[in-house]
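Atom set for the values below is all heavy atoms of this structure, side chains included, hydrogens, waters and symmetry mates excluded. In this text, all values refer to a predicted model and were calculated from it rather than measured experimentally.
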Amino acid sequence: MSEVTHIHEHAVGVSHEAHHEGHHHHEHHDSFLSKYVFSQDHKVIAKQFLITGIFWAVIGGFFSVVFRLQIGFPDAKFPWLETLLGEWAKGGQLQPEAYYALVTIHGTVLVFFVLTAGLSGTFSNFLIPLQIGARDMASPFLNMLSYWFFFVAGIVMLSSLFVQTGPFSGGWTAYPPLSALGDASPGSKIGMDMWMISMALFIVSSLLGGLNYIATILNMRTKGMSMTRLPLTIWAFFFTAVLGVLSFPVLLSGVILLIFDRHFGTSFYLSDIFINGQALPNEGGSAILYQHLFWFLGHPEVYIILLPAMGMVSEILSVNSRKPIFGYMAMVGSMFAIAILAFLVWAHHMFVTGLNPFLGAFFVLLTLLIAVPSAIKVFNWLTTLWKGNIRFTPGMLFAIGFVSLFISGGLTGIFLGNSALDIQLHDTYFVIAHFHIVMGVASMFGMLAGIYHWYPKMFGRYLNNSLGYIHFWITMVGAYVIFWPMHYEGLAGMPRRYYKYDIWESFKQFGTLNQIISIAAIIVFLAQFLFIINFFYSIWKGRKVTTKNPWGANTLEWTTPINPGHGNWDGEIPEVHRWAYDYSKDGHEFISQTTPVGDNESKH
Amino acid sequence: MEMVMGNSSRKMHPHKFLLWIAIGSLTMMFAGLTSAYIVKSNQAGWQPVKVPSIFYLSTVVIVASSITIWLAQKAIVAKQMVKYRLLVSVTAVLGVIFLFTQFAGFSEMWQQKITFKESIAGSFFYVIAGLHALHVLGGVIALFVLVLRVFSTRTKFYSSTPVETAGLYWHFVDILWIYLFIFFLLVS
Ligand code: HEM
Ligand SMILES: [Cu+2]
């Protein structure tokens, strides 16, 4: 047995030296292609994820502007829309099929391409090796593949916009029968096939990424970086990856059954269906089955989106309050609790689908339990801010905005978690308001906070601060103007996913409100260009970073050169001697993780 | 380089580690499918299907192949390359035989009118067992690559990592099959 281990170790040593040499060799002959396109450097891959994510955010955001125009101004004609969208907006008015297609692609793209790939893909890639002290990911090659699967998934989704019958239009959750029967709607034809191919590629991308993040965090930490010395960002990315690796395959299994229903005549999800008065032969299937499989991913997915934002916000709040994060272990513990609970609450999306009410009661209980770790986190963020020596950088403002949004959106979750209240609220604008605030906008804020904060490390230059402040305030105020009133609409029963509301007497009262919301949405969308211009302009023309550690932060990424090469540290990787949150301690404003603990230093 | 790996000497080879996580992931996929099967089997109108008897043979074959790959690992550690090559080849061939028995079982069922249109239990059966067979196919390809590598490399390279990694995967598809087999026998 001892011989086995011996040879095994030897093999590890060999393969790593070989890798290392290959690596040197590589650095001398970097062509444009291997440096920026098929790069295996985690920092470059992170930027690829980020820029692709920004691209999709613009597309998805623009779609929401178009369908908000329809909701706000159902009778107006916009000739420019026809110029832009052609058939979709015949006579300057958005067509119903196009409306549903836009809503569907908006949801899919923002949830998966922007807030999963763009957020976790960017920052897990960028920060994991830098903050744990590793030269790269466990498998840089798989990491590169992960990006290219995402890229191709995007190409397929984009192409689906241009097929004659239009992209898929049955909602981002792709419930059957709309997703299973080509005859159910125009978008259910080739558009749905492309949607599925795109999502399958995306799932592969997420899995490859997740495998790598987990392996890297567990195996490649530098000397002294014990798990309890990890910055909270890394813990968050870790739980995110675990959630993804365990829940995406379940969605895949749901999609596989869907493919068989669509193309091979099975009836997993189909039963008793009439199309145009014709009864279909399918019998014995159950649409609810799909919902179970979908939401078993779907609920963890919302935390896949939120956890990275939570992690980055914790870090940014602490750095810019010049205070240690309050309750580090409680933060880790509550993320752990959230990760566990995320797998146990999926049926709260199905309270009104005919789920057994007795079962529903358990899901109510488990769902409301999520409020406990959520409240712990909020408490800790607020106490971190409390009496802090706060520096209001744009990144910090977005982090504070995140906390505000998470509180507002979390509270409405407690309403929805009660199955009795959900009878009224399900599939109304209340749900739209809830998840946009708590997940959509909050995570977007987390992502923007991350970009503003780590931009100097990514590009060696600063973003323009004034533009950052304007961007923040318009977005912050705008987000509440857009989503707050939707709670009232939802309480009044206004359903989601409808093309027109003014034909109902009960919703006529919301005409003006819908206009205000739509106008605010347009303004917020336009304000994002302040950020995008800032982002691209500053890559080349921004103020240069002149010190390694501009924010006076403790974590390892700020010990690398200002523009780190592939491999991150020029010499040896530094050793870690303490946790990441020694701020304002013993008269020092901050103490880097690489500083050994002094003899008469106080304990934290 | 020492620093990158930290205290690497105690740790698993990264590829093997990645595979362990991937196994967790694949397990979830099959857990999803089999729980869907359970949910459906409790609903009205469910007609169970009988597991074809040739699947008993499948089970014997794949268990045997797990043993041969385990012996192959021991052989490479003992630097008995001839034996190693033989055992890996035998494993791959057993994998192929497994695939054939699966296919035979499927056609037997199909001939008994258990088709996609007629039987939901049957549809599940085809999808779940078929998906498993695809994973076996992937393993067979990996094993053939291993065999070819041994024949083609001129340098003597006694690393046991590739065969250990392949073996881990192979044991996984083996255990997964046993689980599925018992599952189908019990839930039918
Ligand atoms: C206290 C915490 C929370 C509770 C109790 C809660 C509860 C719920 C419930 C019961 C629903 C279903 C409503 C319905 O469809 O009728 C729902 C919808 C939703 N929630 Fe939450 N939630 C919480 C936090 C969150 C968080 C943190 C996120 C995201 C990060 C989130 C994202 C969503 C999404 C995306 C939907 C709607 C999905 C759809 O139908 O398209 N929720 N929430
Ligand atoms: Cu949920």
Side-chain angles (χ1 to χ4, degrees), chain A residues 3-4 7-17 20 133-136 138-139 142 207 210-212 214-215 218-223 225 242 245-254 256-257 260 264-268 271 281-286 288-289 292-293 296 569 572-575, chain B residues 1-22 24-36 39-40 43-47 73-74 76-79 115-124 126-128 130-131 157-162 164:
Chain A
E3 209 187 1
V4 179
I7 290 181
H8 180 72
E9 278 166 24
H10 183 66
V12 173
V14 168
S15 74
H16 271 270
E17 267 158 46
H20 191 59
R135 300 224 181 260
D136 207 317
S139 170
L142 284 189
L207 290 175
L211 292 178
N212 235 326
I214 297 173
L218 291 182
N219 278 335
M220 315 251 302
R221 303 188 308 279
T222 182
K223 203 163 166 210
M225 182 63 93
V242 171
V245 163
L246 295 182
S247 65
F248 270 112
V250 179
L251 177 67
L252 192 60
S253 65
I256 290 171
L257 299 184
F260 275 83
F264 302 106
T266 56
S267 306
F268 293 114
S271 192
N282 306 74
E283 220 175 305
S286 145
I288 306 291
L289 179 62
H292 278 297
L293 292 173
F296 192 84
W569 284 270
E572 294 207 326
I573 299 181
E575 187 178 338
Chain B
M1 211 51 214
E2 210 34 61
M3 297 291 287
V4 181
M5 294 301 290
N7 28 17
S8 65
S9 52
R10 287 186 286 105
K11 285 188 179 145
M12 216 184 274
H13 188 274
H15 292 168
K16 219 169 147 189
F17 191 84
L18 280 172
L19 182 60
W20 269 110
I21 310 169
S25 193
L26 290 171
T27 306
M28 287 304 287
M29 182 162 84
F30 283 93
L33 287 166
T34 46
S35 33
V39 170
K40 284 296 313 174
Q43 287 173 357
W46 174 262
Q47 275 172 353
Q73 285 169 23
K74 293 184 68 156
I76 198 170
V77 170
K79 305 208 167 128
T115 62
F116 288 160
K117 293 210 164 55
E118 301 296 326
S119 161
I120 297 203
S123 307
F124 267 114
Y126 293 124
V127 171
I128 297 175
L131 212 54
F157 191 59
Y158 294 120
S159 165
S160 62
T161 313
E164 274 181 29

### Task
Drop me the distance from A:L257's CG to B:I128's CD1, to the nearest 0.5 angstrom.
7.5 Å

### Query
Who wins among A:N212, A:L142, A:I214 for the most heavy-atom pairs under 4.5 Å with chain B?
A:I214

### Task
Could you pull out the closest heavy-atom pair between A:V250 and B:G32, with the gap in Å?
CG1-CA, 4.4 Å

### Task
Working to the nearest 0.5 Å, report the span between CD1 of A:I256 and CE of B:M29.
5.0 Å

### Heavy-atom pair with the smallest gap, counting every atom of A:F268 and B:I120
CE2-O, 4.3 Å

### Task
Can you establish whether the number of heavy atoms outside B:Q43 located under 6.0 Å from its atom CD is more than 12?
yes

### Task
Give, for atom CZ of B:F17 and atom CG of A:L211, the distance between the pair rounded to the nearest 0.5 Å.
10.0 Å

### Query
Where do A:G284 and B:K40 come nearest, in terms of heavy atoms and distance?
O-NZ, 2.5 Å

### Task
For residues B:K117 and A:P281, determine if any side-chain heavy atom of one lies less than 4.5 Å from a side-chain heavy atom of the other.
no

### Task
Heavy atoms only: give me the nearest A:A215-B:L18 pair and the separation to one decimal.
CB-CD2, 3.7 Å

### Query
Side chain, backbone, both or neither: which part of A:S139 has a non-hydrogen atom closer than 4.5 Å to chain B?
side chain

### Query
Just how far is it from atom CG of A:L293 to atom OG of B:S35, taken to the nearest 0.5 Å?
7.0 Å

### Task
Drop me the distance from A:L207's CG to B:I21's CD1, to the nearest 0.5 angstrom.
11.5 Å

#### Entry: Considering all heavy atoms, the nearest A:F264-B:F116 contact
O-CD1, 3.1 Å

### Query
Between OG of A:S253 and CE of B:M28, what distance do you get to the nearest 0.5 Å?
9.0 Å

### Heavy-atom contact with chain A under 4.5 Å, split by part of B:F30
neither

